Amino acid sequence: MGYKEIYDLLEQKDQTHLLKYYGLLDENQREALLEQISNIDFDLLNLLKQDVGKMKKGVITPLTDAVSVKEIEKKREHFQEIGVQAIRDGKIGALLLAGGMGTRLGSDKPKGMYNIGLTKEVYIFEMLIRNLMQVVEETGAWIPLYIMTSEKNDIDTRQFFKDMNYFGYNPDFVDFFVQKMAPAANYDGKIYLEEKDRVATSPNGNGGWFISFVESGLEEKAKKAGVSHLNVFAVDNVCQRIADPCFVGAAIEGNYSCAAKVVAKQRPEEKVGVLCLEDGKPSIVEYYELSEDMARERDENGELVYKYGVILNYLFRIEDLEKNLSENLAVHVVEKKIEHLDEQGKKVKPEVENGFKFETLVLDMIHMMDNCLAYEVVREKEFAPIKNKEGVDSVETARELLKQNGVEL
């Protein structure tokens, strides 16, 4: 689209301010700005009028498909055998959600590049590759690894993996792709400018991974290679076991559309999303969406009825993802702090929320599935999220758990 077409579009959408500095830009900057504007989904702005960010849940009931740690141990050999064979047959791929930056850790680099070592360098990316390598060594098969980056960290992430020689992983089995972006707007629905030649955008949420995967061409490549299931996992949990044969085997043996690794809640008020049923279909309910009575409800064994907290480690069957791709994922309107240019063209780094971002969530993908297996793991062995520099779910707490699991830092 040329300048005239873009201007007419922006005039129609009441967003002509995005071209405010167009006359000051060089030719390359102008082309990049017009290209970026042409890819904006302006329909997202209509959500600001619909209050979609406060969607109500349906009827919540306890989950029926779950295997506890004790049950897993009884069937471990059987599950393991199925999972190992699936990996050796090339049916399992691993997909890392790595679009985030290390801002909350005090870093301006990709989050996965953060060094958590004490006496030596140990990076978050390195720990995840180490965990995946354990399965490679166990099964004797390389697992295709797909790494989703964002526009903000793609170049740095790719270069980092090259510089680190992929931490020993076979680069022939690693592919990168960039997550789709969504515009960021102020409270009046006007899209912010991040720079004079760039619209303010952000990744479209952790639920946007599959459409980005498809549009990158990697889904087709995976299917041609025989991959039937994808283990999707977050960058910040350094203890998680990836492409875990036992987990894979349990899901395949039960013919599940998807499966989720979960941990038992430590207390009723723990701030973690809980796997349950919503209107009879699998769903994840955030801690603040459970009533106090539901959060504290216990069964005949004295255990919490809504006890399985998700850790963002899922196994999806690709054919079920494709089946549901025609259904649009709900878009959540989320208040955020958005860096932008003010009226004078000066950079603003707000200390409080100043607008909206538009995000899709993986929990909504779970609700599209016919069923979902809750697969319980031992918290101390597989759940060490790094969300903060200090305190709860921090670099400090993750280091302690890594040390407990024999990792030298």
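Please read all numbers here as calculations on a predicted model, not as lab measurements.
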Verdict with supporting geometry, Met133 and Trp142, side-chain contact (heavy atoms from CB on, under 4.5 Å): CA-CA 8 Å; Met133 280 294 293; Trp142 291 102; 3.6 Å; yes

side-chain contact (heavy atoms from CB on, under 4.5 Å) between Asn153 and Met113, intermediate numbers included: CA-CA 10 Å; Asn153 74 7; Met113 289 176 59; over 6 Å; no

Check against side-chain contact (heavy atoms from CB on, under 4.5 Å), Cys246 and Tyr375: CA-CA 10 Å; Cys246 193; Tyr375 179 97; 3.2 Å; yes

Test log, rule side-chain contact (heavy atoms from CB on, under 4.5 Å), inputs Lys120 and Glu408: CA-CA 9 Å; Lys120 59 181 179 178; Glu408 291 184 12; 4.2 Å; yes

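Taking a cutoff of 4.0 Å between a charged side-chain nitrogen and a carboxylate oxygen, Arg130 and Glu126 qualify as a salt bridge. A salt bridge links Glu400 to Lys403: at least one charged side-chain nitrogen sits closer than 4.0 Å to a carboxylate oxygen. Between Glu73 and Arg76, at least one side-chain N (NZ, or NE/NH1/NH2) sits under 4.0 Å from a carboxylate O, which counts as a salt bridge. In this structure, Lys261 pairs ionically with Asp244, as a charged nitrogen and a carboxylate oxygen lie closer than 4.0 Å. Taking 4.0 Å as the cut-off between side-chain N and carboxylate O, Lys271 and Glu286 do not count as a salt-bridged pair.
You'll find the side chain of Phe356 stays beyond 4.5 Å of the side chain of Leu47, heavy atoms only. Counting heavy atoms from C-beta outward, Ile311 and Val377 have side chains that approach closer than 4.5 Å. Residues Val235 and Leu96 are in side-chain contact: their nearest non-hydrogen atoms beyond the backbone lie under 4.5 Å apart. When side chains are defined from C-beta on, Phe247 counts as touching Asn313, because their heavy atoms get closer than 4.5 Å. The side-chain heavy atoms of Glu339 and Glu194, taken from C-beta on, include no pair separated by under 4.5 Å. With a 4.5 Å cut-off on side-chain heavy atoms, Val407 and Met127 count as touching. Put simply, the side chain of Asn371 reaches to within 4.5 Å of the side chain of Ser257, judged on heavy atoms. For the pair Glu335/Tyr187, a side-chain contact is recorded, criterion being any heavy-atom separation below 4.5 Å from C-beta on.
Within the 3.5 Å criterion, the main-chain N or O of Ala234 finds a donor-acceptor partner in the side chain of Gln240. Ser212 places a side-chain N or O within 3.5 Å of a backbone atom of Lys180 that can act as its donor or acceptor partner. Using a distance-only test at 3.5 Å, with no hydrogens or angles considered, no donor-acceptor pair links the side chain of Asp393 to the main chain of Pro385. Looking only at distances, no side-chain donor or acceptor of Glu382 sits under 3.5 Å from a matching main-chain atom of Val262. The main-chain N or O of Gly117 is found under 3.5 Å from a side-chain atom of Asn115 such that the two form a donor-acceptor pair. Lys57 contributes a side-chain N or O that, together with a main-chain N or O of Ile284, makes up a donor-acceptor pair within less than 3.5 Å. No donor-acceptor pair closer than 3.5 Å links the side chain of Gln159 to the backbone N or O of Asp156. Side chain of Glu278 to main chain of Gly58: a donor-acceptor pair is present (N/O by atom type, distance under 3.5 Å, no hydrogens or angles). Under a 3.5 Å cut-off, the side chain of Gln15 and the backbone N or O of Ile191 do form a donor-acceptor pair. For Asn204 (side chain) and Thr360 (main-chain N/O), no donor-acceptor pair under 3.5 Å exists by modelled atom type.
For Val274 against Leu290, the heavy-atom pair with the smallest separation is CG2-CD1, 4.2 Å. The shortest heavy-atom contact between Ile82 and Ile252 is CG2-CG2, 3.9 Å. Counting all heavy atoms, side chain and backbone alike, Leu402 lies closest to Cys239 at CD2-SG, 3.7 Å. Residue Leu34 comes nearest to Tyr22 through the heavy atom pair CD1-OH, 3.6 Å, listed as atom of the first residue, atom of the second, then distance. The minimum heavy-atom distance between Gly280 and Leu277, with the atom names listed, is O-CD2, 4.1 Å. Scanning all heavy atoms of the two residues, the minimum distance from Leu341 to Glu195 falls at CD1-C, 3.4 Å.
Going from atom CZ of Phe383 over to atom CG of Leu401 covers 10.0 Å, rounded to the nearest 0.5 Å. With rounding to the nearest 0.5 Å, the separation of CG in Asp236 from NZ in Lys111 is 4.0 Å. Atoms NE2 and SG, on His367 and Cys258 in that order, are 12.0 Å from each other to the nearest 0.5 Å. With rounding to the nearest 0.5 angstrom, the CG atom of Leu373 is 10.0 Å from the OG1 atom of Thr64. Of the inter-residue distances, the one linking Ile116 atom CD1 with Ser394 atom OG reads 11.0 Å to the nearest 0.5 angstrom. Put simply, CE on Met294 and CG on Leu304 are 12.5 Å apart, with the number rounded to the nearest 0.5 Å.
With sequence neighbours excluded, the residues forming a side chain to side chain contact (heavy atoms under 4.5 Å, CB included) with Cys276 are Ile60, Val285, Tyr306, listed by chain and number.
When each of Arg296, Arg379, Lys307 is checked for a salt bridge (Lys or Arg N to Asp or Glu O under 4.0 Å) with Glu270, only Arg379 meets the rule. Checking Phe233, Phe213, Phe210, Phe173 one by one against Tyr146, the ring-ring contact (aromatic ring centres under 6.0 Å, His included) holds for a single residue, Phe213.
Defined by atom type and a distance below 3.5 Å, a donor-acceptor pair is present between the side-chain atoms of Asn388 and Arg104. Donor-acceptor pairing under 3.5 Å is recorded for the side chains of His332 and Asp364.
Surrounding OH of Tyr7 are at most 12 heavy atoms belonging to other residues, nucleotides or ligands under 6.0 Å away. In Lys347, the NZ atom is crowded: over 12 heavy atoms of neighbouring residues, nucleotides or ligands sit closer than 6.0 Å. Summarising the local packing, CD of Glu81 is surrounded by 12 or fewer heavy atoms from other residues, nucleotides or ligands at distances under 6.0 Å.
In this structure, Phe161 has its ring center under 6.0 Å from that of Phe176. Between Phe316 and Trp209, the distance from one ring center to the other falls under 6.0 angstrom.
Ring planes of Tyr123 and Phe167: tilted class, angle from 30 to 60°.
A cation-pi contact, defined as under 6.0 Å to the ring centre and within 45° of the axis, is absent between Arg317 and Tyr256.
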